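Accompanying notes for the structure given below.
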Amino acid sequence: MKKNKKIENCANSLYNEFPKAEVFIKYAKNINVSEGILYVAEQEDCHWFLDIVVHNCIMVNEIKYQKWQLLKNPDGEILVVVSDRKGNRLLEINVPEKDFYFSSFTICKISNDLLMPCEQ
């Protein structure tokens with residue numbers, strides 16, 4: 001009997017229509033967000049994820065390119081994994097259960113700008 005392959009429920013797959021980011025909105029001191037990131041945060045009520053990035057990016061601030069991944073397991077537990085351009089893990093943050101529909105959401109931090117991978 002063949003096992004069914006798990007279907008990925010990724011926010012980036014749904015919100016992949018944004019063009020290259022050209023306009024950024026100031027979100028916090030020294031952090032700007034793209035229109036796409038702001039749209040997803042508003043639609044999915046996940047400003048808390050942006051706040052995690054803003055409050056923790058100082059720890060890895062010397063790395064110009066950072067990939068921030070929100071990963072939710074079936075039990076609702078959330079892990080935020082930060083890696084560099086080569087995929088080296090820089091930081092892991094356990095997050096209390098949040099009401100977030102998707103199993104994953106990835107944003108990139110390039111210098112002081114947050115944007116979605118499709119906006120690069």
Side-chain angles (χ1 to χ4, degrees):
M1 181 180 225
K2 217 178 202 184
K3 288 187 176 184
N4 291 333
K5 186 177 179 182
K6 182 181 174 188
I7 297 172
E8 179 68 21
N9 182 21
C10 177
N12 299 87
S13 295
L14 178 64
Y15 296 103
N16 67 351
E17 74 276 0
F18 291 94
K20 182 173 171 52
E22 295 178 2
V23 176
F24 289 88
I25 299 100
K26 186 164 189 76
Y27 185 79
K29 183 180 179 182
N30 297 327
I31 298 291
N32 307 305
V33 296
S34 68
E35 292 176 296
I37 290 291
L38 195 57
Y39 181 78
V40 174
E42 290 170 356
Q43 293 299 306
E44 300 302 328
D45 194 23
C46 64
H47 285 276
W48 53 268
F49 181 41
L50 298 182
D51 293 341
I52 288 171
V53 174
V54 169
H55 289 107
N56 292 283
C57 68
I58 294 168
M59 289 185 246
V60 290
N61 204 33
E62 70 279 357
I63 309 296
K64 183 179 176 183
Y65 178 92
Q66 301 167 18
K67 183 165 87 173
W68 290 75
Q69 292 179 285
L70 180 159
L71 305 169
K72 184 176 93 173
N73 71 23
D75 296 334
E77 295 174 348
I78 294 175
L79 178 66
V80 174
V81 177
V82 187
S83 56
D84 64 12
R85 190 174 294 279
K86 295 179 182 178
N88 299 315
R89 283 194 178 193
L90 306 172
L91 186 64
E92 289 186 8
I93 303 164
N94 288 308
V95 179
E97 185 177 332
K98 297 280 188 185
D99 185 23
F100 188 68
Y101 173 75
F102 296 97
S103 59
S104 68
F105 180 37
T106 300
I107 62 175
C108 301
K109 181 178 179 284
I110 302 173
S111 296
N112 292 333
D113 297 329
L114 301 179
L115 60 156
M116 295 196 314
C118 67
E119 295 178 296
Q120 293 185 54

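These numbers come from a predicted model, not from an experiment.
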Side chains of D99 and D45: closer than 4.5 Å at any heavy-atom pair?
no
Nearest-0.5 Å distance, CG of residue L50 to NE2 of residue H55:
11.0 Å
Exercise: do Y15 and E44 side chains pair donor with acceptor under 3.5 Å
yes
Under a 3.5 Å cutoff, is there a donor and acceptor pairing between the side chains of K26 and N112?
no
dist L115:CG -> K109:NZ (nearest 0.5 Å) comes out at 11.0 Å
Approximate separation, where rounding is to 0.5 Å, of I37 CD1 and E42 CD
11.5 Å
Side chain proximity check, N32 to L114, heavy atoms < 4.5 angstrom
no
First locate atom CG of L14, then atom OH of Y101, and finally report the distance between them rounded to the nearest 0.5 Å.
9.0 Å
May I ask you to decide if the ring planes of F100 and W48 are parallel, tilted or perpendicular, using 30° and 60° as cut-offs?
perpendicular
So with a 6.0 Å cut-off around CG of N73, is the heavy-atom count from everything else above 12?
yes
Cluster check V95, L90: I/L/V/M/F/W/Y, side chain < 4.5 angstrom:
yes
Which atom pair, heavy atoms only, marks the closest approach of F49 to W68?
CZ-O, 3.9 Å
Got a donor-acceptor contact below 3.5 angstrom from the N56 side chain to the I52 backbone?
yes
Is the shortest side-chain heavy-atom distance between F105 and N12 below 4.5 Å?
yes
Considering all heavy atoms, the nearest S34-F24 contact:
N-CD2, 3.6 Å
Closest non-hydrogen atom pair, V40 against C46
O-SG, 4.1 Å
Donor-acceptor contact present, side-chain E35 to main-chain A21, <3.5 Å:
no
Are the side chains of V60 and Q66 in contact, using a 4.5 Å heavy-atom criterion?
yes
Donor-acceptor pair, side chain of E119 and main chain of M116, under 3.5 angstrom
yes
Can you measure from CD1 (I93) to CE (M59) and round to the nearest 0.5 angstrom?
6.0 Å
Y27 reachable from I110 in the ILVMFWY side-chain graph, under 4.5 Å edges
no
Which pair of heavy atoms, one from P117 and one from T106, lies closest together, and at what distance?
CD-O, 3.4 Å
In terms of heavy-atom contacts, Y65 and C108 come closest through OH-SG, 3.3 Å
Using the salt bridge (charged side-chain N to carboxylate O under 4.0 Å, His left out) rule, collect all pairs that involve residues 73-92, keeping only residues at least two apart or in two chains.
R89-E92
Cluster check L91, V80: I/L/V/M/F/W/Y, side chain < 4.5 angstrom
yes
CG (L38) and CD1 (I25) are apart, to the nearest 0.5 Å, by 5.0 Å
Closest approach of L71 to S104 (non-hydrogen atoms, all atoms of both residues)
CD2-CB, 4.0 Å
